[in-house]
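Following: one structure in structure tokens, then a few remarks.
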Amino acid sequence: MPELPEVETVRRGLEKLILGKTIQSVEVKYPKMIQTDLDAFRQDLPGQEIRAMGRRGKYLLFYLTDLVIISHLRMEGKYFFYPDEVPLRKHAHVFLHFTDGSTLVYEDVRKFGTMEVLVPVLVDSYFLAKKIGPEPTEADFKEPAFQVALKKSKKPIKSALLDQKLVAGLGNIYVDEVLYRAKVHPARLGQSLTAREAKAIRKETIAVLAQAVEKGGSTIRSYSNAFGEDGTMQEEHQIYGKTGQPCLRCGTPIEKIQLGGRGTHFCPHCQKEN
DNA sequence: TCCCTAGCCTGAATGC
DNA sequence: TGCATTCAGGCTAGGG
């Protein structure tokens, strides 16, 4: 399940593999994946050179000669690079064939991923319209703004952190890890949190995501990077997927509940609801 | 305006 | 063994 660290790892991998290549042709096997005009997607990309790879939250950006592809991997999206022959694969949906004979293939078992093509001038407004929050770094993720936003939130903190408006990049796995490390119960309402708790959540968000980027992301079920390699962050998980196992801090068995429709792991002793 | 939930989608796991 | 059901979850649209 690609969250920010997994998308960043994919970005770094693709940067090494496809920068400077020119698109010769485009194949789309699953048209619903393309959110902007399909004919334009097929017609406008040939001739474009991959100038840079970027990322905003969980979105992957391909900066071309004069267009930008915005790709979201959602649940199980993956990119595979083939220097020459492309194998037949059931879940391959979009192919970018390059002039040197290589191909970049987007695969997605659940077909949840999306791709859009914009002109560069519209990229900022695209993310503004989606209200994507700041990147989880010391420089961008400012504590005062976070505190103010939390005070207005009547949502459970887990739901608030997942909706990408307070901070970009957290998904179900890392949000459980962040709240466990910050010792905050996932069902606590945003506005009920103390300044100290909010500060801890911000600090752990930055720390957990930075650590996960360093580890190449987490490999849960199906994620792998652009080279088909697994990340190792799952070895550092302290709470996600540990239902019934003892808490590393107090030994209390870790519980799993449904919160906002999402499987949610927490320690009932360290993360008090009241 | 904010919050919650269903729906999208398919493979793996589970139950019978 | 084989079929049916449940679960996993990022994001969006729609309803309250």
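Numbers restart at 1 for each chain; the letters A, B, ... are given by sequence-line order, proteins then strands.
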Solution key, residues 256-267 of chain A side-chain donor-acceptor pairs under 3.5 Å, sequence neighbours excluded:
| unit_1 | atom_1 | unit_2 | atom_2 | d |
| --- | --- | --- | --- | --- |
| A/Thr264 | OG1 | A/Lys158 | NZ | 2.9 |
| A/Thr264 | OG1 | A/Arg262 | O | 3.0 |
| A/His265 | ND1 | A/Asp176 | OD2 | 2.9 |
| A/His265 | NE2 | A/Gly241 | N | 3.2 |

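Residue pairs satisfying the side chain to side chain donor-acceptor pair (under 3.5 Å) criterion with at least one member in residues 62-71 of chain A, sequence neighbours excluded, are listed as follows: A/Gln48-A/Asp66, A/Ser71-A/Tyr79. Counting only residues at least two apart or on different chains, the salt bridge (charged side-chain N to carboxylate O under 4.0 Å, His left out) pairs with a member in residues 94-108 of chain A are A/Lys21-A/Asp100, A/Arg89-A/Glu107.
Within 4.0 Å of A/Gly263, counting heavy atoms only, lie sugar-phosphate atoms of the nucleic acid but no base atom. Within the nucleic acid shown, A/Gly261 has no heavy atom closer than 4.0 Å to any nucleic acid atom. At the heavy-atom level, A/Gln258 lies under 4.0 Å from the strands shown only through sugar-phosphate atoms. Nucleic acid contact for A/Lys90: sugar-phosphate only, since backbone atoms but no base atoms lie under 4.0 Å from a heavy atom of the residue.
Whole-Å rounding puts the A/Lys111 NZ to B/dC8 P distance at 13 Å. Summarising the geometry, the separation between CG on A/Asn172 and P on C/dG10 is reported as 5 Å, rounded to the nearest angstrom. Look at CG on A/Leu4: it is 17 Å from C1' on C/dG9, rounded to the nearest Å.
Evaluation of the side chain to side chain contact (heavy atoms under 4.5 Å, CB included) rule for A/Ala40 yields A/Asp37, A/Asp44 as partners, not counting sequence neighbours. Scored by the side chain to side chain donor-acceptor pair (under 3.5 Å) test, A/Glu204 finds no partners at all (sequence neighbours excluded). A/Glu27 pairs by the salt bridge (Lys or Arg N to Asp or Glu O under 4.0 Å) definition with A/Lys29, not counting sequence neighbours. Annotation: side chain to side chain donor-acceptor pair (under 3.5 Å) contacts of A/Gln271 (sequence neighbours excluded): none.
Grouping Ile, Leu, Val, Met, Phe, Trp and Tyr by side-chain contacts under 4.5 Å, direct or through others, puts A/Ile239 with A/Tyr180, A/Leu248, A/Ile254. Taking a 4.5 Å side-chain heavy-atom cut-off between Ile, Leu, Val, Met, Phe, Trp and Tyr, the cluster of A/Leu4 extends to A/Val213.
Side-chain contact check for A/Ser25 and A/His97: no donor-acceptor pair (N or O, by modelled atom type) lies under 3.5 Å.
Two end axes, each from the C1' atoms of five base pairs, can be drawn for the helix from B/dC2-C/dG16 to B/dC16-C/dG2; they diverge by 60°, to 10 degrees.
A heavy atom lying under 4.0 Å from DNA chain B marks the following residues of residues 146-156 of chain A, by number: A/Ser153, A/Lys154, A/Lys155, A/Pro156.
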Q) Could you write nucleotides 11-16 of chain C as a row of B, S and -, 5' to 3', where a protein heavy atom under 4.0 Å of any base atom gives B, of only sugar-phosphate atoms gives S, and otherwise -? A) BS----
